Amino acid sequence: MSAAWLKKRPDILILTIFLLSFSILLVFSLNTTQGRFIYPLDDSYIHINIAKNVAQHGIWGISKEGFSSLSSSLLWTGLLSGLNLVFGPSPIFPLILSTLLAFFLLKTVFKWLDNCGIPPIQNFFGISAILFLTPLLPLVFSGLEHILHALLVFLLICSAAKTLSTHSESHSWKWLWLAPLVVMARYESIFVIASVAFLFILKKKIWQPLVLFFGGTIPIALFGFISLRKGWFFFPNSVYLKGRTPQFSSFEGFTNWLLEPWKMTPENFHVLLILVLSIIIILLLWFKKRTLWTFPTIMTSILSMALILHIQFAKIGSFYRYEAYLMIPGLFIIFLVFKEMWLKDKKQVLSRLEKNKHKIRRLEISLILFIIFTALGIRGIISLIDIPQASKNTYEQQYQMGLFLKTFYSTEKIAANDIGAIHFLAEIQCLDLWGLSSMEVARAKKQNSYDVEFIDLITKSHQTKIAILYDRWFDAYGGLPSEWIKVGEWTIQNNVVCGGETVSFYAVDTSEKDHLTQHLREFSQSLPKDVIQKIGTEYFQ
């Protein structure tokens, strides 16, 4: 009975598994954060703040003081702003939206696998892989744009591959509208658009690449011109500061830029694994079909090119999110090739020798799939363990920083390098010493003039009272000004997501030392018990 039901509605079963997994992890997460839902990433609160300020003050910014260009997802922040306008500000909207989009993504992958002739049971394992090997659940809990991005990119790649693999152009317009949306979801989408456009040019098509180019660049250009008029960069600061731009000043610099990201791929084996598999799959399909223009080969070609561009120009990792939009089509392609090379045609009459060859081939492919899914499965299991712990980390660090500032430094001038949760909880005048929301810092970084002297000058010019920072983030710039007085530290345990396990409290204005010491002592009673505190020379929990 259950097997028959699985064959009939595997999508319902996997959605039930998703909802059950989500509920269990939610309970565990709430248990680690004293019953409060805490997003595991500080970045989530940046979008929440911008959306709130758009709805309440008509200002696209981290604070109501003015415009700030730091969101790398115009579409996600826009959607949250719309929800805030209609229903009023709420921090739960990102979680609700992520959950709904995850449902829709799983249903979409199921339908595409079904349309490609994948049998129901294999389809069930396919969408299970998308759920647990991407992995999807950390993206849901992060409340960020990455599920929306992955969904739009998946639709773009599949639809473009469908168009390129057929001779008809009558349905091309049905997917070209995705070009502006994928770029508005995340700027890295330009890698996918470039890869799709290249294949259209290779097939001697003209208008599709043009529509892709203009559709993908118009949203970027419009927002870029607005940013420039407001005194910011053309691209959001997060794109400028986190992206990797080519170094043409010297041959050595260019070589280092070219090779550096590939040295890091062993640490992110899953990306390298998908890339290597993609190249192997292209070769296998080529030798079998002797043409590039089949649906699986086109999809794999787009994926391979986009992966190479992403590794070269963008970041990997950061709580499973940056490369997720390429992991999903990668897993999808594996199941397509599984169908192409493992499932035999039932109408084909095979000789005994051919049957033996088929058995050997099935054994080889099964072994390869076992190795792939074991490697990715370990990563998937770790991700499930990380979700509650990541929420705990953020609750014990950034969230407590926000509560501390709200209690003792409301409306005051402070400096920080993690700005999401503190802006969410406290009304402060914040100098962002990492540069996401402070243009003076961002410009100094891009001009290679950011150093300890600059930090000293800018904090003085802003009349900063205190700073809450990760010390090691500033080692590359010569450290922090010697005049600052370190008053205390908070150290979290089992850190899996925060930029550092220890955050330091400095009296930038030396006259604030005694006040800061007293405030830390008063607040110490409110800190979660697992946080190790240091005030002066005293350690306590």
Side-chain angles (χ1 to χ4, degrees), residues 72 109 112 134 146 148-166 169 172 174-220 239 243-246 258 261-262 265 270-286 291-316 322-334 336-337:
S72 57
V109 174
W112 273 95
T134 299
H146 301 285
L148 174 63
H149 183 218
L151 172 63
L152 293 172
V153 166
F154 178 78
L155 287 171
L156 176 62
I157 293 176
C158 288
S159 301
K162 192 75 174 176
T163 300
L164 281 161
S165 62
T166 60
E169 297 185 6
S172 295
K174 294 180 181 178
W175 60 268
L176 288 170
W177 57 270
L178 287 166
L181 291 180
V182 293
V183 174
M184 290 173 67
R186 274 194 76 81
Y187 280 65
E188 293 97 325
S189 302
I190 202 70
F191 305 146
V192 178
I193 287 179
S195 302
V196 172
F198 174 76
L199 289 181
F200 272 109
I201 293 170
L202 202 61
K203 207 173 182 183
K204 299 180 180 178
K205 304 292 183 181
I206 301 299
W207 72 270
Q208 289 96 337
L210 289 175
V211 172
L212 281 168
F213 174 76
F214 286 108
T217 55
I218 285 172
I220 294 176
V239 175
R244 301 184 68 257
T245 53
L258 199 62
W262 299 94
T265 47
H270 56 288
V271 178
L272 189 60
L273 178 63
I274 294 294
L275 177 58
V276 171
L277 279 172
S278 298
I279 295 170
I280 292 172
I281 286 169
I282 291 172
L283 294 173
L284 289 173
L285 291 174
W286 169 261
T291 177
L292 175 65
W293 307 110
T294 64
F295 180 76
T297 313
I298 294 168
M299 271 202 76
T300 313
S301 300
I302 295 169
L303 175 66
S304 301
M305 289 186 285
L307 272 168
I308 292 169
L309 291 171
H310 183 98
I311 292 170
Q312 191 62 57
F313 290 97
K315 288 184 69 175
I316 299 170
Y322 288 134
E323 68 279 6
Y325 76 105
L326 296 174
M327 289 293 292
I328 291 170
L331 293 166
F332 178 86
I333 287 165
I334 289 171
L336 278 192
V337 175

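Values below: all heavy atoms of this structure, side chains included; hydrogens, waters and symmetry mates excluded. Numbering of residues begins at 1 and proceeds along the displayed sequence. Owing to the predicted nature of the structure, the values given are computational and were not obtained by experimental measurement.
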Checklist line | Between CD on residue Glu323 and CD1 on residue Ile311, distance to nearest 0.5 Å | finding: 9.5 Å
Throw together a table of side-chain donor-acceptor distances under 3.5 angstrom for residues 294-309, partners on residues two or more places apart or in other chains.
unit_1	atom_1	unit_2	atom_2	d
Thr294	OG1	Thr297	N	3.4
Thr294	OG1	Thr297	OG1	2.6
Thr300	OG1	Pro296	O	2.6
Ser301	OG	Thr297	O	2.8
Ser304	OG	Thr300	O	2.8

Note to self: With side-chain contact (heavy atoms from CB on, under 4.5 Å) as the criterion, how do Val183 and Ile193 come out once you've worked through the C-alpha distance, each side chain's angles and the decisive distance to 0.1 Å?
What the structure shows: CA-CA 9 Å; Val183 174; Ile193 287 179; 3.4 Å; yes
Item checked: Donor-acceptor under 3.5 Å (Ser159 side chain, Leu156 main chain) -> no
Notebook entry, point to check: Which distance, rounded to the nearest 0.5 Å, do you find between the CZ of Phe191 and the CD of Gln312?
Noted result: 9.5 Å
Notebook entry, point to check: Between Tyr322 and Lys315, which heavy-atom pair has the shortest distance, and what is it?
Noted result: CB-O, 3.3 Å
Notebook entry, point to check: Hey, are the side chains of Val337 and Leu284 touching, using non-hydrogen atoms and a 4.5 Å cut-off?
Noted result: no
Next item on the list: Working to the nearest 0.5 Å, report the span between CH2 of Trp286 and OG1 of Thr291.
Entry: 6.5 Å
Item checked: Rounded distance (nearest 0.5 Å) linking atom OG1 of Thr134 with atom NE2 of His146 -> 13.5 Å
Next item on the list: Measure the shortest side-chain to side-chain distance between Leu292 and Leu202 over non-hydrogen atoms and say whether it is less than 4.5 angstrom.
Entry: yes
Item checked: Over all atoms of both residues, closest heavy-atom pair of Ser72 and Tyr187 -> O-CD1, 3.4 Å
Checklist line | Least distance between heavy atoms, His149 atom then Val182 atom | finding: CD2-O, 4.0 Å
Under 3.5 Å, side-chain donor or acceptor atoms of residues 324-334 against the rest of the protein: list the pairs with distances, not counting sequence neighbours.
unit_1	atom_1	unit_2	atom_2	d
Tyr325	OH	His310	ND1	2.9

Checklist line | Residue among Leu178, Val153, Leu181, Leu152 satisfying side-chain contact (heavy atoms from CB on, under 4.5 Å) with Ser189 | finding: Val153
Note to self: To the nearest 0.5 Å, what is the distance between OG1 on Thr163 and NZ on Lys203?
What the structure shows: 9.0 Å
